[in-house]
Enquirer: 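Provided herewith is a single structure, encoded as structure tokens, for subsequent inquiry.
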Amino acid sequence: MEHTRIKDLLKSEEFGKEVIVKGWVRTFRNNQFIAINDGSTINNIQAVVDFENTADEILKRITTGAAVRVQGVLVESQGKGQRVEVKATEVSIIGDSDPEKYPLQPKKHSLEFLREIAHLRFRTGTFNAVFKVRNALAFAVNKFFNERDFVYMHTPIITGSDAEGAGEMFQVTTLDLNNPPRTESGAIDFKEDFFGKATNLTVSGQLEGELAAMAFGNIYTFGPTFRAENSNTTRHLAEFWMIEPEMAFYELEDNMDLAEDLLKYVISYALENCPEEIEFLKNRLLEEEKSKPQADRSELNLIEKLNFVIDNDFERVTYTEAVDILQKSKPNQKKQFKYLIEGWGADLQSEHERYLVEKHFKKPVILTDYPREIKSFYMKQNPVDAQGRNTVRAMDILFPGIGEMVGGSQREENLEKLITRMGEVGIPTEEMEWFLDTRRFGSVPHSGFGVGFERLVLFTTGMTNIRDVIPFPRTPKNAEF
Ligand code: 4AD
Ligand code: MG
């Protein structure tokens with residue numbers, strides 16, 4: 001006889017049926033009631049043991065964390081708290097768990113503590129819910145693009161280029177770091193390295209994605225990316241997943257429309273397909289917020305917040321308009337911002353982004369047309385404006401509680417302008433001829449963006465630290481497991 005998943009048993013009406021459950025013990029009370037979880041749902045099934053007819057040897061081994069097999073009859077529950085339970089006729093231990101050593105106790109643990117045992121935190125309700133939602137979002141991303149005929153293109157993880165030109169790369173080498181080969185001038189000789197040149201982990205699949213878009217039209221990548229930025233915040237990871245679509249013949253407005261549609265689609269999908277998980281996470285957040293002062297609590301609960309994003313148009317504002325709003329804002333006037341906005345050209349810090357999204361507009365905001373100097377080299381340049389300002393066709397999507405969720409742009413399709421810009425910011429073109437070829441042979445207007453997948457999961461689950469929405473977080477000074 002096959003065992004049945006707890007998720008299905010909890011919905012079943014087949015009382016009197018003989019069933020087998022396999023899973024891990026969450027609690028064992030009064031030598032009688034086992035709460036078993038098999039990961040198929042956040043909820044446990046209760047098995048009632050006939051302790052008088054069960055060997056002591058077995059009862060002793062029913063401990064938190066142990067893997068068990070329970071055979072019995074599905075019955076309507078006598079007790080409160082559950083609709084069905086299993087009246088056990090036979091209990092066996094598949095894998096023991098020493099209760100003295102098992103780190104998870106049947107009580108609430110802090111998220112910080114659970115991060116230290118990331119291999120076991122999967123067995124908690126919170127992380128079951130978080131990673132089910134993450135799974136649903138990942139599936140929805142692929143579904144969204146598949147329904148629109150985008151080609152899923154796998155871009156490389158090891159590359160020779162810095163797609164963002166920000167120099168935040170992890171090097172990849174097999175050279176002996178204690179004794180690397182040197183050139184005559186004394187520099188490390190990467191010709192001797194595995195790939196015959198210096199390589200790094202990718203910071204973005206965009207550049208390779210652009211090549212594919214120039215042949216397939218619409219493509220996307222969805223894979224791991226790496227940034228060696230020393231940002232120890234609740235929003236940054238050194239290894240994170242990014243969704244990057246790239247579309248030929250798309251201008252900035254088309255790009256914004258697609259990004260807004262994608263975010264609404266995947267959040268709706270999670271709401272529809274993970275109702276129990278999101279309900280659980282909503283209550284978790286309410287509980288967490290109880291310890292905060294009233295002013296810091298959210299006005300909307302998690303489900304209301306998700307629906308709000310789905311039901312409302314994102315606000316579209318230019319950088320210039322945003323700077324105007326920020327300059328006139330109370331926290332700027334009263335010098336409450338850490339970085340005061342003195343005028344046009346300033347890079348926006350997260351405090352500014354949060355003000356715009358959470359205080360001023362109170363909804364997701366798409367900021368466009370940033371100063372050229374604070375954005376990447378590949379962005380399409382706008383004509384110089386009346387005040388002599390240079391801007392680019394950039395777009396960042398800012399979310400409440402998250403800040404930047406999406407970064408994207410229309411791309412500079414003009415070869416000369418692109419080469420000039422690369423020269424200005426010091427990106428050598430020799431290594432990038434393959435990229436520049438897209439502008440030499442049949443160049444077209446095109447656009448794309450990158451969604452930080454963990455920031456999307458963070459928003460959808462209402463968790464507050466990005467380390468808690470990726471199975472094994474990598475952050476400065478931390479690469480456990
Ligand atoms: O704004 P970014 O750097 O844009 C790019 O990489 C472009 N090449 C994307 C494109 O146009 N195809 O990164 C995109 C998004 C950010 O908006 C943010 O959500 C996320 O990636 N992100 C991070 N997420 C977690 N940890 C980090 N260290 C992140 N850095 C960026
Ligand atoms: Mg960005």
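Whatever order the structure lists them in is the order used to number ligands and atoms, beginning at 1.
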Enquirer: Leaving waters out, which protein N, O or S atoms fall under 2.8 Å from the Mg ion (ligand 2)?
Expert: E404 OE2

Enquirer: Ignoring hydrogens and geometry, is there a side-chain-to-backbone donor-acceptor pair from D254 to E251 under 3.5 Å?
Expert: yes

Enquirer: Report the C-alpha distance between N382 and T391 in whole Å, list the side-chain angles of each, state the deciding distance to 0.1 Å, and finish with yes or no for side chain to side chain contact (heavy atoms under 4.5 Å, CB included).
Expert: CA-CA 6 Å; N382 283 316; T391 55; 2.9 Å; yes

Enquirer: The test is ring pair (Phe, Tyr, Trp, His ring centres under 6.0 Å); show your working for F314 and F399 and say whether it passes.
Expert: CA-CA 10 Å; F314 297 1; F399 259 57; 5.7 Å; yes

Enquirer: Under 3.5 Å, side-chain donor or acceptor atoms of residues 421-430 against the rest of the protein: list the pairs with distances, not counting sequence neighbours.
Expert:
| residue | atom | partner | partner atom | Å |
| --- | --- | --- | --- | --- |
| R421 | NH1 | E424 | OE1 | 2.6 |
| R421 | NH2 | E373 | OE1 | 3.4 |

Enquirer: Would you call R316 and D257 a salt bridge, taking side-chain N to carboxylate O under 4.0 Å as the test?
Expert: yes

Enquirer: As a test of reading the model: which residues have a non-hydrogen atom less than 4.0 Å away from ligand 1?
Expert: E164, S204, Q206, R227, E229, R235, H236, L237, F240, M242, E244, Y378, E404, M405, V406, G407, G408, R411, G448, F449, G450, G452, R455, I466

Enquirer: From the options Q206, E412, Q410, select the one residue that forms a side chain to side chain contact (heavy atoms under 4.5 Å, CB included) with Y378.
Expert: Q206

Enquirer: Should the pair F222 and F453 be assigned to parallel (<30°), tilted (30 to 60°) or perpendicular (>60°) ring geometry?
Expert: perpendicular

Enquirer: With a cut-off of 3.5 Å and sequence neighbours excluded, list every side-chain donor-acceptor pair involving residues 333-347.
Expert:
| residue | atom | partner | partner atom | Å |
| --- | --- | --- | --- | --- |
| Q333 | NE2 | Q327 | O | 3.1 |
| W344 | NE1 | T320 | OG1 | 3.0 |

Enquirer: For F472, is the NZ or CZ atom of R474 found under 6.0 angstrom from the centre of its six-membered ring and inside 45 degrees of the ring axis?
Expert: no

